[in-house]
There are 2 protein chains.
Amino acid sequence: MASRKSRPERRQEPLSRKRIVTAAVELLDTVGEGGLTFRALAERLATGPGAIYWHVTGKTELLLAAIDAVIAPTLAGDDTGKTPQEAIRALALGVFDAIDAHPWVGATLARLPRTPGKSPMLRVFERIGRQVQALRVPEAAQFTAASALLSYILGVAGQNAANTLAARANTDRAAFLDAVAAAWRELDPDQYPFTRDVAGQLREHDDRAEFLAGIDLILAGITAGRADGRTRP
Amino acid sequence: MASRKSRPERRQEPLSRKRIVTAAVELLDTVGEGGLTFRALAERLATGPGAIYWHVTGKTELLLAAIDAVIAPTLAGDDTGKTPQEAIRALALGVFDAIDAHPWVGATLARLPRTPGKSPMLRVFERIGRQVQALRVPEAAQFTAASALLSYILGVAGQNAANTLAARANTDRAAFLDAVAAAWRELDPDQYPFTRDVAGQLREHDDRAEFLAGIDLILAGITAGRADGRTRP
DNA sequence: AGGCCGACTGGAACGCTGTTCCAGAAGGCT
DNA sequence: AGCCTTCTGGAACAGCGTTCCAGTCGGCCT
């Protein structure tokens with residue numbers, strides 16, 4: 001056995017960048033953003049903190065890699081046979097769900113230093129942009145349209161992730177929404193008339209549907225503006 | 001003098017919550033998000049870290065208060081005499097500019113735990129909502145419309161803040177944009193055709209105008225949906 | 001076969017953080 | 001005068017990201 005190239009295996013399973021990133025994602029998912037610690041990671045991998053630095057330059061790169069690993073499946077989808085609107089909706093929902101399933105992505109994306117070309121979101125931007133082109137948006141407005149969509153997606157997903165984290169702190173999501181609605185209803189009627197009015201809608205609202213409605217709003221605005229260049233005077 | 005109520009003044013200027021928050025904002029503005037340290041704050045206030053905790057429960061509350069202090073001026077504006085669209089645009093621009101001038105707000109908002117009724121953005125939400133009502137949006141859609149607008153505002157402002165920080169790391173903003181555009185143009189033509197196409201627009205694009213265009217997009221979507229359910233064919 | 005050398009490991013240590021603790025100073029009240 | 005609440009600020013603690021380095025291991029060269 002061990003023909004010419006026996007398994008290197010100086011341990012059951014050698015440390016590798018992939019194994020580290022996988023463990024990091026698991027850690028982030030189970031104990032949250034603050035739970036990712038080089039010491040906790042080292043313990044989970046049965047090694048010391050120093051060994052990790054051989055494969056990864058630091059925490060920033062590790063977080064970027066973790067985000068990439070979590071977003072990547074979304075980008076594997078196929079757009080052929082869909083209208084641009086459908087493709088954008090599907091892509092947006094994919095990102096939304098990914099961030100909802102891994103709430104730490106939202107907060108981390110906002111905090112991380114942006115290296116020019118290396119943002120994990122560049123691939124998402126590209127995919128959105130192609131569909132914007134397919135929508136026959138004038139060239140000069142393409143950047144604006146794609147940026148607006150991406151910013152909206154990241155904004156809502158981030159907001160939603162923060163709420164998910166807050167709700168997770170409480171035991172129940174429904175109970176959490178009830179608590180917020182109750183808090184809203186007890187606001188000063190003079191200062192917060194609108195918020196009090198819509199407190200009821202909060203209780204039974206669907207984050208995903210809300211999100212998609214916003215996407216449709218923007219898509220409507222894009223296509224409306226495409227027709228004649230600007231909105232009503 | 002010092003009639004009946006002489007100034008307490010057990011030191012030149014007694015420590016107070018307001019003084020602490022002011023110093024915190026200055027620190028955040030000058031040295032960035034990571035520069036706000038209880039020790040640095042204590043040194044700037046000529047005291048020790050322990051004293052700060054008498055006036056402020058912890059770093060989270062301090063950050064929330066700092067955000068509030070920075071956003072508050074924006075909410076002092078008067079909406080009378082404006083159309084709802086104008087009022088929303090002015091409010092959105094105010095928040096955008098505030099976050100642009102204090103980039104740490106963007107990242108901090110995404111990271112902070114949401115206490116149900118106490119988010120610093122609740123007042124912004126309220127102000128937007130009132131204008132949404134003034135736009136005669138159907139009641140059932142008001143929450144959606146206001147949420148979409150707020151999420152977009154926070155999303156773009158957050159993105160923009162991250163870029164501002166990245167650009168600030170480099171010496172020059174123009175040079176930074178050039179670097180990004182150059183990086184985009186060198187991407188794989190098969191994988192990133194759209195991003196390469198719009199790289200040129202990045203160089204001379206105006207973040208504020210871009211942002212406002214997105215607001216108008218959403219407003220167009222909202223009002224288009226209101227009028228008759230769809231735009232002209 | 002023997003020796004060497006780069007790849008890789010993991011534990012100790014450094015400087016920093018948020019937070020807690022507590023001895024004590026400072027003024028108002030009885 | 002004495003107390004008592006409010007407020008101060010320095011010391012101490014646990015934990016963080018990161019660096020350092022003595023050591024181990026496998027494969028290659030002679």
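Lettering follows sequence order; numbering is per chain, from 1. None of the values given here were measured: they were computed from a predicted structure.
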Write out a two-atom table: protein N or O, nucleotide N or O from nucleotides 14-18 of chain D, distance below 3.5 Å.
from   : atom 1 : to    : atom 2 : distance (Å)
D/dC16 : OP1    : A/T37 : OG1    : 3.1
D/dG17 : OP1    : A/L36 : O      : 3.3
D/dG17 : OP1    : A/K59 : NZ     : 2.5
D/dG17 : OP2    : A/F38 : N      : 3.0
D/dG17 : N7     : A/R39 : NH2    : 2.7
D/dG17 : O6     : A/R39 : NH2    : 2.8
D/dT18 : OP2    : A/Y53 : OH     : 2.9
D/dT18 : OP2    : A/K59 : N      : 2.9
D/dT18 : O5'    : A/Y53 : OH     : 3.2

Give me the atom names and distance for the closest heavy-atom approach of A/R130 to B/Q191.
NH2-O, 2.7 Å
Donor-acceptor contact present, side-chain [X] to main-chain [Y], <3.5 Å:
X: A/Y152; Y: A/F211; value: yes
X: A/R185; Y: A/R196; value: no
X: B/T37; Y: B/A40; value: no

If only side-chain N and O atoms of A/T47 are considered, is one of them under 4.0 Å from the OP1 or OP2 phosphate oxygen of C/dT9?
no
Under 4.0 Å between a side-chain nitrogen and a carboxylate oxygen: does that hold for B/D79 and B/R127?
yes
Using whole Å, what does the distance between atom [atom2] of nucleotide [N] and atom [atom1] of [X] come to?
X: B/I20; N: D/dC7; atom1: CD1; atom2: C1'; result: 11 Å
X: A/R19; N: C/dT9; atom1: CZ; atom2: C1'; result: 13 Å
X: B/R44; N: D/dG9; atom1: CZ; atom2: P; result: 17 Å
X: B/R17; N: D/dT6; atom1: CZ; atom2: P; result: 18 Å
X: B/E33; N: C/dG18; atom1: CD; atom2: P; result: 11 Å
X: B/W54; N: C/dT19; atom1: CH2; atom2: C1'; result: 16 Å
X: B/L45; N: D/dT8; atom1: CG; atom2: C1'; result: 13 Å
X: B/E43; N: C/dC16; atom1: CD; atom2: P; result: 12 Å

Taking the inter-plane angle between the rings of B/F143 and B/F125 on a 0 to 90° scale, is it parallel (under 30°), tilted (30 to 60°) or perpendicular (over 60°)?
perpendicular
Given D/dC7, C/dG10, D/dG9, identify the nucleotide with an atom nearest to the side chain of B/H55.
D/dC7
